[in-house]
**Student:** 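This is the structure, below, for whatever I ask next.
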Amino acid sequence: MALKKKPVTGMKDILPKEMEIRNYVTGLIRETYGSFGFTSIETPSVEHIENLCSKQGGDNEKLIFKILKRGEKLKLDQAKEEADLVDSGLRYDLTVPLSRYYSNNANELPGPFKALQMGYVWRADRPQRGRFRQFMQCDIDILGEPTYMAEIELVLATTTLLGKLDFHNFTIRINDRRILKAMAEYSGFPKESFDTVFIILDKMDKIGLEGVAKELEEEGFAKESIDTYLAMFKEISSDIQGVRYCKEKLSGVLDEQIAEDLETIISTVEAVKTADFKMAFDPTLVRGMSYYTGPIFEISMDEFGGSVGGGGRYDEMIGKFTGNNTSACGFSIGFERIVMLLLERGYQIPTAKTKKAYLIEKNMPADKLIEIFRQAEEERKTGIQVNISIMKKNKKFQKDQMAAEGYTEFVEFFKR
């Protein structure tokens, strides 16, 4: 039986051209986030199954690649339930591992702690454009900062990075989970049904107000509650005035400070931003993770037609490990989607080295070969990338291939 050449479904091979872009973006991420004071960390790809299934990851918990117990611990013939077979899994995001990491190492870390983490994660999802089952995730998180300083810094750092990658006219959509809950409470929805309401609301951009109204009715909610709820979305604007509307309208069920803090985040970012983007208050923004407790945000790009990153505040997750809640807020960029967009637009790395190819005739004498290698080494010292190859019969095809990889200069060496 022949071995399979193609990768496993949802995984992909990365060719040199893409790898060059990925390496550049990775370097720019470390440089940019480092300038904001974020420190690189790393956590294992494999996590305890109890942590992954702790009801912190929303629908992602249904997509875990689970790992069988090993060696003597694996007793297939005695297993009665999944727990007898599985004790760990591949991480589906970087937030749950970060929370475990912080709870285990907090005494050795500064406060607040600004973490940068890049690494692969795995989800048994249905592959589609810009979405794979194995993909690189890039997160920045601030742990131990209870004020809106965290949200402001996370948004500024992330948008500064996107600006350096030549992205323009994108939008940072922002909301607050507590405003979501206040709107639902004001409308008369039972508290135990909030999650159902939010799941339906999250479809607003796909099915519109009428579609949301229909699905809420099908769930059996009172028409009065539905009408009150959806009427507010027609009145709320996407700027600071929209936040102020919520502050006044929901005064009986929403702490005024929540709206005021959100207004401060929006106005401060708009005042000091360096990239070309806008902040937009979006009361329909839900974000699927159940662990969010405060402000939430997403990056929307018209050229992608969806979100290319997001995050928010999750002040209760670390407490699941330690028993004491710790302020935490994070922002994740869609690394794979950003790389895909850069490739589609033919992005050229601005700091790319000059690429020069040495083509050597076959059976070059040793003394001349030594001279060629010495010449290449001298050129490399000046920052030039030199590739030495044996000259092929079809020299034009060889040069065309190398030109496609970015080689702009060719030097040919012959025996005589």
Side-chain angles (χ1 to χ4, degrees), residues 28-29 31-39 110-116 138-165 167-183 236-251 254-287 292-301 307-315 326-333:
L28 191 63
I29 286 170
E31 175 191 311
T32 304
Y33 288 157
S35 71
F36 279 81
F38 289 90
T39 304
F113 179 52
K114 301 170 78 172
L116 161 62
C138 173
D139 289 12
I140 47 173
D141 294 80
I142 301 179
L143 310 178
E145 175 53 70
T147 74
Y148 49 65
M149 281 290 293
E151 282 83 352
I152 292 171
E153 281 220 283
L154 290 168
V155 173
L156 288 175
T158 301
T159 54
T160 297
L161 170 68
L162 293 174
K164 287 183 177 181
L165 288 170
F167 285 104
H168 301 276
N169 298 317
F170 57 93
T171 302
I172 303 293
R173 299 161 58 215
I174 189 167
N175 195 14
D176 194 300
R177 293 282 290 194
R178 293 165 296 184
I179 290 177
L180 273 173
K181 292 177 180 178
M183 290 179 70
I236 300 173
S237 60
S238 62
D239 55 11
I240 283 176
Q241 293 303 321
V243 181
R244 291 173 181 167
Y245 171 91
C246 290
K247 176 183 172 182
E248 295 173 8
K249 186 77 171 179
L250 306 173
S251 59
L254 178 69
D255 184 345
E256 289 186 356
Q257 192 63 48
I258 293 169
E260 290 170 6
D261 286 353
L262 194 61
E263 183 177 334
T264 300
I265 293 168
I266 295 171
S267 59
T268 302
V269 170
E270 286 281 12
V272 301
K273 67 183 182 182
T274 58
D276 178 19
F277 71 97
K278 65 178 181 180
M279 295 288 290
F281 174 53
D282 185 353
T284 70
L285 180 62
V286 174
R287 296 215 37 89
Y292 289 121
T293 59
I296 49 177
F297 23 79
E298 277 191 0
I299 311 166
S300 291
M301 287 187 182
S307 170
V308 296
R313 181 166 287 275
Y314 54 101
D315 286 347
T326 299
S327 300
C329 195
F331 207 148
S332 175
I333 61 167

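Counting from 1, the numbers follow the sequence of the chain as shown. Both backbone and side-chain heavy atoms feed into the values below; hydrogens, waters and symmetry mates do not.
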**Student:** Between the side chains of E270 and K278, is the shortest nitrogen-to-carboxylate-oxygen separation below 4.0 Å, so that they form an ion pair?
**Tutor:** no

**Student:** How long is the span from the OG atom in S238 to the CD1 atom in I174, to the nearest 0.5 Å?
**Tutor:** 13.0 Å

**Student:** Would you say that P112 contacts L143 through its side chain, given a criterion of any heavy-atom pair below 4.5 Å between the two side chains?
**Tutor:** no

**Student:** Looking at every heavy atom in both G312 and F297, which two are closest together, and how far apart are they?
**Tutor:** N-CE1, 3.5 Å

**Student:** Dump the intermediate steps for side chain to side chain contact (heavy atoms under 4.5 Å, CB included) on L116 and C138, then the final yes or no.
**Tutor:** CA-CA 8 Å; L116 161 62; C138 173; 4.1 Å; yes

**Student:** Any side-chain heavy-atom pair from S267 and M279 closer than 4.5 angstrom?
**Tutor:** no

**Student:** Could you grab the distance from atom CD1 of I299 to atom CZ of R173, nearest 0.5 Å is fine?
**Tutor:** 11.5 Å

**Student:** Name all residues meeting the side-chain hydrogen bond (donor to acceptor under 3.5 Å, both in side chains) criterion together with N175; count only those two or more places apart in sequence or in a different chain, and write none if there are none.
**Tutor:** none

**Student:** Could you verify whether a donor N or O on one side chain and an acceptor N or O on the other, from E298 and S300, lie under 3.5 Å apart?
**Tutor:** no

**Student:** Report the distance from atom CG of L165 to atom CG of L28, rounding to the nearest 0.5 Å.
**Tutor:** 5.0 Å

**Student:** By side chain to side chain contact (heavy atoms under 4.5 Å, CB included), which residues pair with Q257, not counting sequence neighbours?
**Tutor:** D255, E260, D261

**Student:** Should D176 and I296 be marked as a side chain to side chain contact (heavy atoms under 4.5 Å, CB included) after you check the CA-CA gap, both sets of side-chain angles, and the distance that decides it?
**Tutor:** CA-CA 6 Å; D176 194 300; I296 49 177; over 6 Å; no

**Student:** For I179 versus C246, what's the shortest heavy-atom pair and its separation?
**Tutor:** CG2-SG, 4.3 Å

**Student:** Indicate whether any N or O donor in one side chain lies under 3.5 Å from an N or O acceptor in the other, for T159 and K273.
**Tutor:** no

**Student:** With rounding to the nearest 0.5 angstrom, report the OG1 to CE distance, T264 to M149.
**Tutor:** 12.0 Å

**Student:** Can you see which heavy atom on S327 is nearest to which on D315, and at what distance?
**Tutor:** CA-OD1, 3.2 Å

**Student:** With the side chain counted from C-beta on, respond yes when P283 and Y245 share a heavy-atom pair under 4.5 Å apart, and no when they do not.
**Tutor:** no

**Student:** Pair F331, V155 - check side chain to side chain contact (heavy atoms under 4.5 Å, CB included), show working.
**Tutor:** CA-CA 8 Å; F331 207 148; V155 173; 4.1 Å; yes

**Student:** Are R177 and R313 packed together at the side-chain level, in the sense that at least one heavy-atom pair is separated by less than 4.5 angstrom?
**Tutor:** no

**Student:** How long is the straight-line distance from CZ of F36 back to CG of L156, given to the nearest 0.5 Å?
**Tutor:** 6.0 Å

**Student:** Is the shortest side-chain heavy-atom distance between M183 and I236 below 4.5 Å?
**Tutor:** yes

**Student:** Say you draw a straight line from CG of D139 to CD1 of I333; how long is it, rounded to the nearest 0.5 Å?
**Tutor:** 9.0 Å

**Student:** Decide yes or no on side chain to side chain contact (heavy atoms under 4.5 Å, CB included) for F281 and S237, but give the supporting numbers first.
**Tutor:** CA-CA 7 Å; F281 174 53; S237 60; over 6 Å; no

**Student:** Start with the C-alpha distance between E153 and K114, add both sets of side-chain angles, then the distance that settles salt bridge (Lys or Arg N to Asp or Glu O under 4.0 Å), and finish with yes or no.
**Tutor:** CA-CA 10 Å; E153 281 220 283; K114 301 170 78 172; 2.8 Å; yes

**Student:** Give the minimum heavy-atom separation between L254 and A182, together with the two atoms involved.
**Tutor:** CB-CB, 3.9 Å

**Student:** Looking at T326, T293, D141, which hits side-chain hydrogen bond (donor to acceptor under 3.5 Å, both in side chains) with Y314?
**Tutor:** D141

**Student:** Using the benzene-type ring in the case of Trp, are the ring centres of F170 and F277 under 6.0 Å apart?
**Tutor:** yes

